[in-house]
Amino acid sequence: MRIYVVNSYDEMSKQAANIVASQVTLKPNSVLGLATGGTPVGMYKQLVEMYQKGDVDFKQVTTFNLDEYYPLSRENANSYYHYMYTNLFKHINVPGDHINIPNGMAKDVIVECQTYEKNIESAGGIDLQVLGIGPNGHIGFNEPDVKFEAGTHLVKLDEHTIEANARFFDSKEEVPTEAISMGIRTIMRAKKIILLANGESKAKVIKEMVSGDISPKVPASILQLHGDVTVIVDQEAAKELKNCSQFALCM
Ligand code: PGA
């Protein structure tokens, strides 16, 4: 695990955007795994600016998002479909038919999950997966549990997640209680992973993720077993990381 401790949210966003843009430059037909939430908004803004300046071209890129609320239609302003178009897709040139987001209105969720997995495989697997992390240690919507869930699946959202995400909705009651999420195996199969976190509310979980027991109780802890993970955190989220020297790179 490489850990970069940066000074600000802005610096975290720029560094993450540079990694994504480098990936696309080196392999123009990259398959990107994308995340939603408050954390990557700045990274998407940077990528849009880079695209507008002609520094990166997405025309051969394919994307797979980590998750989507269920049931929720793509027209709903709180859907991750809506988030992705607003923050990224409508500003760049990734072709519409290369964009994959779980269907929050799928009639048959099991088929939807199986098809999502198959489509990732047919695209050649994910080259670079972007992750945020929930204060409870979730990645995607893989909530703390007694076991790791392997493939894309229907999740019952954790009470903490519903509370954390209520800020985006008019009220807590409006937050869907379920979601479709890539599983831990889906995420771990990505060739490279970058995980972003900022703010003090993530400090405890970042410490658990990098140096705690590998356990489904902190789903992100499984990333200790992945060979190519880059963590970019601001000073506040890095607050509880005392012994940085144990990691491959800590700057
Ligand atoms: P956040 O969510 O970026 O809104 O903090 C992260 C996550 O839940 O994965």
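By convention here, the first residue in the shown sequence is residue 1. In each ligand, atom 1 is the first atom listed, and ligand 1 is the first ligand listed. Predicted, not measured: the structure shown is a model, and the values here were computed from it.
- Between Tyr80 and Phe141, the ring planes are parallel. Angles under 30° get that label, and only those over 60° would be called perpendicular.
- Around ligand 1 you find Gly37, Gly38, Thr39, Gly132, Ile133, Gly134, His138, Arg167, Lys202, each with a heavy-atom distance below 4.0 Å.
- Note that CG of Asp57 is 13.0 Å distant from CE of Met50, once rounded to the nearest 0.5 Å.
- Ion pairing between Lys204 and Glu208 holds under the 4.0 Å rule for side-chain N and carboxylate O.
- With a 4.5 Å cut-off on side-chain heavy atoms, Leu47 and Lys45 do not count as touching.
- Taking a cutoff of 4.0 Å between a charged side-chain nitrogen and a carboxylate oxygen, Lys172 and Glu159 qualify as a salt bridge.
- Taking the six-membered ring where the residue is Trp, Tyr83 and Tyr44 present perpendicular rings, their angle passing 60° and hence far from 30°.
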